[in-house]
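Here the structure is laid out as structure tokens; the discussion comes afterwards.
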Amino acid sequence: MNRPSLRLRLAARGFDATTLLVLPGLAVMLALFVYPFAYGIVDSLMPREGAWYANYTRFFTDRFQFATIGATLWLALPVTIVNMALALPIAFRVRLMSRQRLLTTILVLPITLGTVFVADGLLTFLGPQGWFNRALILVGLLDAPVKLTNNYWGVFASLLITGFPFAFLLTLSYVTGIDPAIEQAAATLGAGPRQRFFRVFLPLLVPGLAVTFCLAFVQAFAVFPSAVLLGAPAGPTRVISIAAYQAAFEQYDHSMGSAIAIIMGLVELVVVVAVLGLRTLFYRGPAGGTKG
Amino acid sequence: MTLPVQNPRQAPSQKQGELKKGESRQGARLELDGLRRSFGAYNALDGIDLAIEPGEFIALLGPSGCGKSTALNCVAGLLPLTGGEIRLGGQRIDQLEPEKRGFGMVFQSYALFPHMTVRRNVGFGLTMQGIGGAEADKRINDALNLVRLGSQADKLPGQLSGGQQQRVAIARAVVIRPPVVLMDEPLSNLDAKLRLEMRAEIRGIHDQIGSTTIYVTHDQDEALSLADRIVVMSQGRIMQIGTPEDLYQRPVHVEVADFMGFRTRLPGRVLSVSGSEAEIEAAGARLTGTMRQPLKPGDAAILSVRPEDLVAVEDGDGVQVTVSSMEYRGRAFFGMAHGADGSELYFRADHALPRGAAARLQPVAGRALLFKGQAA
């Protein structure tokens, strides 16, 4: 008896002509992601002087350098938490509205502005002579302007504005993905609004919120322009990307720059893995009411 | 009857018949009085009056968009009324939030909590009422046994079939011993065979627990086989309320007849009246039917007849038609034909007629109904 042709045997294992459609995407991934990443790792392990791990020892023994991890986390984590704390209730309200589109458009608009534009606007708005301080002095809440730019709070405000649309859009899609009949069922069974939120919505939303947290966090952790423009880049807002930039383009030590970028990625990875690990403690199936 | 516009979100009166902890109102009469609900200029409910006796099984029947689901959601408290009153045992409940009404509801999409086991789904309402421990365990087990799912208690809803999920939903709704169980097309997501099985089960459960049931459906077979009384709705109004026999044999309105399977509707003019019968001229033939609305000679009338009561005859009187299609349904052939004026007729024959053949159709004596027609 003849064996089936090679083509048939491959097709039975899921390889056929359609599989070739993967190739362009694969090529792009290799060229634009895998190769630069691998290059960066290798580059970071070839320091200008010292052993292969010299860049990493230098980073972790120099307080000025490794403090950037804390400074960046101190910005990115609170910003992400505040963003999600804002996005969730707003998404819950928007879910019930018949004209969602206008509000959604307004809330999402900051995405289109770009960080530099937002930073520039905030410099004027939050500055000592900006509307924000003037208005508060006018209504008598303040006697003298508060300093909100060129420090931690300027960067915080900027990250909030640029990060909120992402957190909001993702949260909204998770919230609206829950069958409204599930909430109605909880209501008819005697659950008030609080109980419906904590016993029904929140457990179903946790997986989505975890993913939203990771994406928003990674975005905030990579902060660079607003930390320079709105912050104090030599002091409290000397974030890790500034350290990488200075190593690579001010000290012309691309190997050290690569090492800092790798450290940056590892810190992000630790946070993301921790959050996604917590997620596995919760229900992760479909949030629909019908059979999946 | 006009009532002031009410908005339950505004300061719901706590004096209304709020359910106290552990209280059951089984055995209370449910009254709907002039229920109105509009969405903008559109009246989804246009004055619904209905009194439901304790333990009754009521089916709300009508085509999609007739307002039957809106009515159910208003009774559940999921939609605020624009006007009218709902009373349970004489106490107004229409301003209460759904969680304070204590009704059980079963949804078309099952609406189980996907992250909870079957047991926790069923126990949810009890937890909300503050019932726990051995009492809750016993009631959950009883409810699961009632729907024959005792062995599936620790599974998640996603691991169950559609029919099993809907049985969990029923157990979850009845475990709180609600005075009224509301069912919104609970079987329409199931396949035909399962629908028939579940139909019998739902009636059995209703008889065992003794709650009042309001069952929304667009399937007249379901309504006929389940309900003590059927409420036929159209365009936000009640067309007829009656027992299944009443509606099946004595529809009072041509639209109700249409919904009860009187598929052929022939407009015509009354020629003569004798007793409860009248002869009309329609589609070029003289046809006799039973008057369901008062008619006199010269009036416009509509003759309604079921496919099984309109038969193809070899000779004699009858409507001249051209056969358009035939299908075999076990004991007989059923067909669709067109009259000379383009009217559609649905009929029965004892053998297949070829497409395009000429035929003569005659209603079985005493089985055609006559309603008022629109004056031409």
Interchain contact, B/L156 with chain A, by part (heavy-atom threshold 4.5 Å)
side chain
What part of A/P180 gets closer than 4.5 Å to chain B, counting heavy atoms only: side chain, backbone, both or neither?
neither
Using heavy-atom distances under 4.5 Å, tell me whether B/F107 contacts chain A through its side chain, its backbone, both, or neither.
side chain
Could you go step by step and tell me if B/T127 and A/R199 meet the side chain to side chain contact (heavy atoms under 4.5 Å, CB included) rule?
CA-CA 11 Å; B/T127 310; A/R199 287 176 180 266; 3.9 Å; yes
In terms of heavy-atom proximity below 4.5 Å to chain B, should A/Q184 be classed as side chain, backbone, both, or neither?
both
Just checking B/F39: does its CZ atom have more than 12 heavy atoms from other residues, nucleotides or ligands closer to it than 6.0 angstrom?
yes
About how many Å separate CZ of B/F124 and OG1 of A/T188, when rounded to the nearest 0.5 Å?
9.5 Å
Count the heavy atoms belonging to other residues, nucleotides or ligands that lie under 6.0 Å from CZ of A/F197, then report whether that count exceeds 12.
yes
Side chain, backbone, both or neither: which part of A/R196 has a heavy atom under 4.5 Å from chain B?
side chain
Closest heavy-atom pair and its distance - A/V200, B/H115:
O-CE1, 3.8 Å
Heavy-atom pairs under 4.5 Å with chain B: which of A/P193, A/P203, A/G192, A/A181 has the most?
A/A181
If you count heavy atoms of other groups shown closer than 6.0 angstrom to CZ of A/R7, is the number above 12?
no
Answer yes or no: does atom CE of A/M97 have more than 12 heavy-atom neighbours from other residues, nucleotides or ligands under 6.0 Å?
yes
Any side-chain heavy atom of A/I182 within less than 4.5 Å of one from B/P114?
yes
